[in-house]
Amino acid sequence: MQIKAPRGTYDILPEEAVKWQWMEQIMKETAARFGYQEIRTPVFEHTELFQRGVGESTDIVTKEMYTFHDKSQRSLTLRPEGTASCTRALIEHSLYNGTLPIKWFYAGPMFRYDRPQTGRYRQFHQFGVEAFGSRSPFLDAEVLFLLVEILQGMGLSEYELHLNSVGCPLCREQYRQKLIDHMAPVKDKLCKDCQVRYLQNPLRVLDCKEATCHQAIINYPTLIDNLCDDCRTHYGMVQQTLKDNGIEFVHDNNLVRGLDYYTNTAFEVHIPGIGAQSAVGGGGRYDGLVESIGGPSLPGIGFALGMERLLLAVDKLGCVSRAQQTVDVFLAVMQENLENQAASLLYKLRQQGLSADKDYNQRSGRAQMKLADKLGAKYVILLGEDEIKGNFVTVRDMKSKEQWKIDNEGLIPFLHECLDNR
RNA sequence: GUGGAUGUAGCUCAGUUGGUUAGAGUACCAGAUUGUGGCUCUGGGGGUCGUGGGUUCAAAUCCCAUCAUCCACCCCA
């Protein structure tokens, strides 16, 4: 049987890779403008990091991790997300002793064992940012501003930003109890999944899509009405800052993020029309995370964007124009016995900073011209017996069809001048 | 993990109630133009019909299994 890319993985071929470069460029440039620096962490970590960092009860840890043992029987896991690794690096290098906040961005592959569908892969890519060491609501706003700036930079203005606050451990625990009390009398009416959620993580009943569940718990107490004073004030300032700066969002009582580490601000960005997996990004504040994986008490906030979903949206909404990669000069060789000289000339052109290419399959002169055309060559250099004898080359402008005989010595300056004048 | 749809050339797809050598468009290569591109014309290569079993005189076609893709659920990016 022919070997294919494993389930849920795929190749990014050159044509597609151009789009990735374009997208990464926007992301990195925007993050830099906001004062975020790149960090690169390993793609695998000790399994324990994710168990503690992401949360034992999450779907990611319970059923989606690529976990394996290396030859020394260490349990390692391909990273399912980026925040845990960043936090580990922060602690490992004691960076919390330095200037705060620390503002990082990263981009790279993540791995989750899940059933593939449009916009969902087993190896997928995220761009994310993390800011450690400040609880300021203005930092929350900055992170959201950065997120929106990236979307707009990609020409994606049709997004929906959902916002909520999941409170701090203190007020959330009180709220949790209140919610359980509210649901207790009607728990039999909940769907199967929600029966389990009711016991393990009652907040997640709120974002169940079953209409019957929503009806059963109608008039439920909301998170926002049960925040403590500090959390309420914090959330209010985040919202106000966004409003003051014209960033549209909707407060969403049902938004409860799946990862255990979130506190206070939680958010999700959706782009309608790219399939069922419409969440292109999500994030929030995680003030307890650093401590929970062995560091000092240090607050943090971040988000992650799904890169293939963003490209899906870009393709769907068709708002990019990307130039085809072309070559400045194509070298057409008219006699086989001139290959040595052709190779030297080609190398020389490239050393002089020109993009140049030639045929390697003994094509006829005509076929070489066709190839030059296909590669988008601006100029073709013809090299044949006449040229060699006369110490010159023939240069053809592919657009105007003009041709000149140029001295060997004058060739490079001539080409540079031609290209500069285009 | 659950349910549904679909797998024929690199790509997009035809292929009749099971019947002889599986087709088209496009892409690729060559020639017309032996040293000159886009257009046109002519020719050519390329398929174990996803894979493995079964039914049949005969299977791309019917049955089973398996793998993969897509859609939805779950969940998330």
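Any value given below was found using the heavy atoms of this structure, including those in side chains, with hydrogens, waters and symmetry copies removed. From a predicted model like this one, the values you see are computed outputs, not experimental measurements. To find a chain, count down the sequence lines: A is the first, B the second, and so on, and within it residues start at 1.
- Comparing atom distances between the A:M369 side chain and each of B:G37, B:U69, B:C73 picks out B:G37 as nearest.
- Across all strands shown, B:U17 has no partner, as no Watson-Crick or G-U wobble contact with both distances under 3.5 Å is found.
- In a base pair of the Watson-Crick type (N1 to N3 plus N6-O4 or O6-N4) or a G-U wobble (N1-O2 and O6-N3), with each distance short of 3.5 Å, B:U2 is matched with B:A72.
- Among the nucleotides B:U36, B:G1, B:A30, the one closest to any side-chain atom of A:T394 is B:U36.
- Among the nucleotides B:G37, B:A72, B:A77, the one closest to the side chain of A:R112 is B:A77.
- Distance A:K370 NZ to B:A27 C1': 13 Å, rounded to the nearest Å.
- Only the C1' atoms considered, B:C62 is 30 Å distant from B:G25, to the nearest whole Å.
- Residues A:D357 and A:R350 are paired through a salt bridge, judged by an N-O separation under 4.0 Å between the basic side chain and the carboxylate.
- When Watson-Crick and G-U wobble pairs are counted only if both distances are under 3.5 Å, B:U26 pairs with B:G10.
- The pair A:K19-A:D315 meets the salt-bridge criterion, since a charged nitrogen lies less than 4.0 angstrom from a carboxylate oxygen.
- At a threshold of 4.0 angstrom between heavy atoms, the contacts of A:G8 are confined to the sugar-phosphate backbone, with no base atom among them.
- Using a 4.0 Å cut-off between charged side-chain N and carboxylate O, A:D287 and A:R135 make a salt bridge.
- Listed in residue order, the members of residues 408-422 of chain A having a heavy atom less than 4.0 Å from RNA chain B come to none.
- Using a 4.5 Å heavy-atom cutoff, the side chains of A:T83 and A:Y286 are in contact.
- Look at A:K389 and A:E387 and you find no salt bridge, because none of the NZ, NE, NH1 or NH2 atoms lies under 4.0 Å from a carboxylate O.
- Taking a cutoff of 4.0 Å between a charged side-chain nitrogen and a carboxylate oxygen, A:E45 and A:R88 qualify as a salt bridge.
- When both distances must be under 3.5 Å, the Watson-Crick or G-U wobble mate of B:G38 does not exist.
- When atom types are taken as modelled, the side chain of A:N245 and the backbone of A:T241 share a donor-acceptor pair closer than 3.5 angstrom.
- Across every strand in view, B:U66 sits in a pair with B:G50 that passes the Watson-Crick or G-U test at under 3.5 angstrom.
- Checked against B:C73, B:C76, B:G35, the side chain of A:Q335 finds its nearest nucleotide in B:G35.
- Look at the C1' atom in both B:G47 and B:G10: the space between them is 12 Å, to the nearest Å.
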